[in-house]
Structure formats: C-alpha cells, structure tokens
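Read the structure below first, then the notes.
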Amino acid sequence: MEYSHNDTELVKQPIGYWGWAAHNAVVTNIRAGLADFDVTQPQWWILNQVATGENGRTRAEVAAVLKGYLDVGARLGPETDALLDRNLLVTDTQDRLQLTTEGEAVYRKCAERQVAMREQTHDGITDEEYLVTLKVLQRMIHNVGGEAWHH
C-alpha cells in the first residue's frame, strides 16, 4: 500500500481529519452493503439486538444499548417502526420485539455481509495492529475529555 506521506510527515498529520476520513470510508461501505438488503445501518443494529437478545428485546432495551451509536438518538423509533412496517419485526404480548421468519432471513443475510465487510476492512491488518489502533484512539478520546462506548 502506498501511504499519503512518508513517516516523518505522517506522524504530523491531524487525527481529526484521518479519524473522519476512516469513519466516512468505513461507514459508507457498511451502509452500501446493507442497502443491498434494503436495510439501514440503524435498522441492522436493531435487528442484531433483537436477534441476540435472550427472548427478543423491548424498545427500551434496544435504545439503551444503541443510544450512543453514531448519534442515532431519536431516529431509533422511526427505524424500529420501519422494520415493523416491513414485517421484519413484530411485538409479542409482552411488548418485546421479535424477528419474523422474513426478518430472520434478512438478519442472516446482513450478518453474513457484515462479516465479509469486516474482513475487507481488516485485510492486511493484524489483530495486534488493530488492538493498538483502538487503544490509541480511546486514549485520544480520553485525553480530550470525550466519551465513547461500544458494547
């Protein structure tokens, strides 16, 4: 791979720009991959939370986990409603969200695509390099008083 600058110049590059550029490239790729199944990224998060819940999840449980994901915030309600409208989710008698048969099929396709996209993103990057990268980014967030969390 050819890098944008030599090491001496690269170490002086702004993290804000490169963090934004990485975010933009990766998220754009993820959203394009999910769009093949007519699923938005927040809808994928919701489907994944429901699928991995012991007996589905309530809207409140989903929101509690996803509240910090890419500033989704208030958009979770409409995204959940869209999944219900498409009959990918239903609510049971205890108001827990459950996958429908069609929802399970879409979830599985999206999950497979997510694995493939992660492999693409991590191509040529060792687990050790990835670990160091995340620790550096988390330290930078801490250094400027920011907060970040991911389940």
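Quick caveat, the model's predicted, so the values are computed rather than measured.
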For the hydrophobic clusters of this structure (ILVMFWY residues joined by side-chain heavy atoms under 4.5 Å, transitively), does one cluster hold both [X] and [Y]?
| X | Y | result |
| --- | --- | --- |
| V27 | L66 | yes |
| V136 | L134 | no |
| L10 | L137 | no |
| W18 | I141 | no |
| Y107 | V90 | no |

Exercise. Do you know which two heavy atoms are closest between G124 and E129, and how far apart they sit?
Worked result: O-OE1, 3.8 Å
Exercise. Got a sec: does the CD of E9 have more than 12 other heavy atoms crowding it under 6.0 Å?
Worked result: yes
Heavy-atom check, side chain of [X] versus side chain of [Y], under 4.5 Å:
| X | Y | value |
| --- | --- | --- |
| L47 | L89 | yes |
| V50 | R96 | no |
| Q138 | K135 | no |
| T80 | L84 | yes |

At what distance, to the nearest 0.5 angstrom, does [atom1] of [X] lie from [atom2] of [Y]?
| X | Y | atom1 | atom2 | answer |
| --- | --- | --- | --- | --- |
| D92 | Q94 | CG | CD | 5.5 Å |
| D81 | L76 | CG | CG | 10.5 Å |
| L97 | N55 | CG | CG | 11.0 Å |
| Q120 | R113 | CD | CZ | 10.0 Å |
| I30 | C110 | CD1 | SG | 12.0 Å |
| T100 | L88 | OG1 | CG | 5.5 Å |

Exercise. If you measure from the Lys or Arg side-chain nitrogens to the Asp or Glu carboxylate oxygens, is any gap between R108 and E104 under 4.0 Å?
Worked result: yes
Exercise. Can a donor-acceptor pair be found between the side chains of E79 and T40 at a distance below 3.5 Å?
Worked result: yes
Exercise. Quick one: does R86's side chain have a donor or acceptor within less than 3.5 Å of a partner on D38's backbone?
Worked result: yes
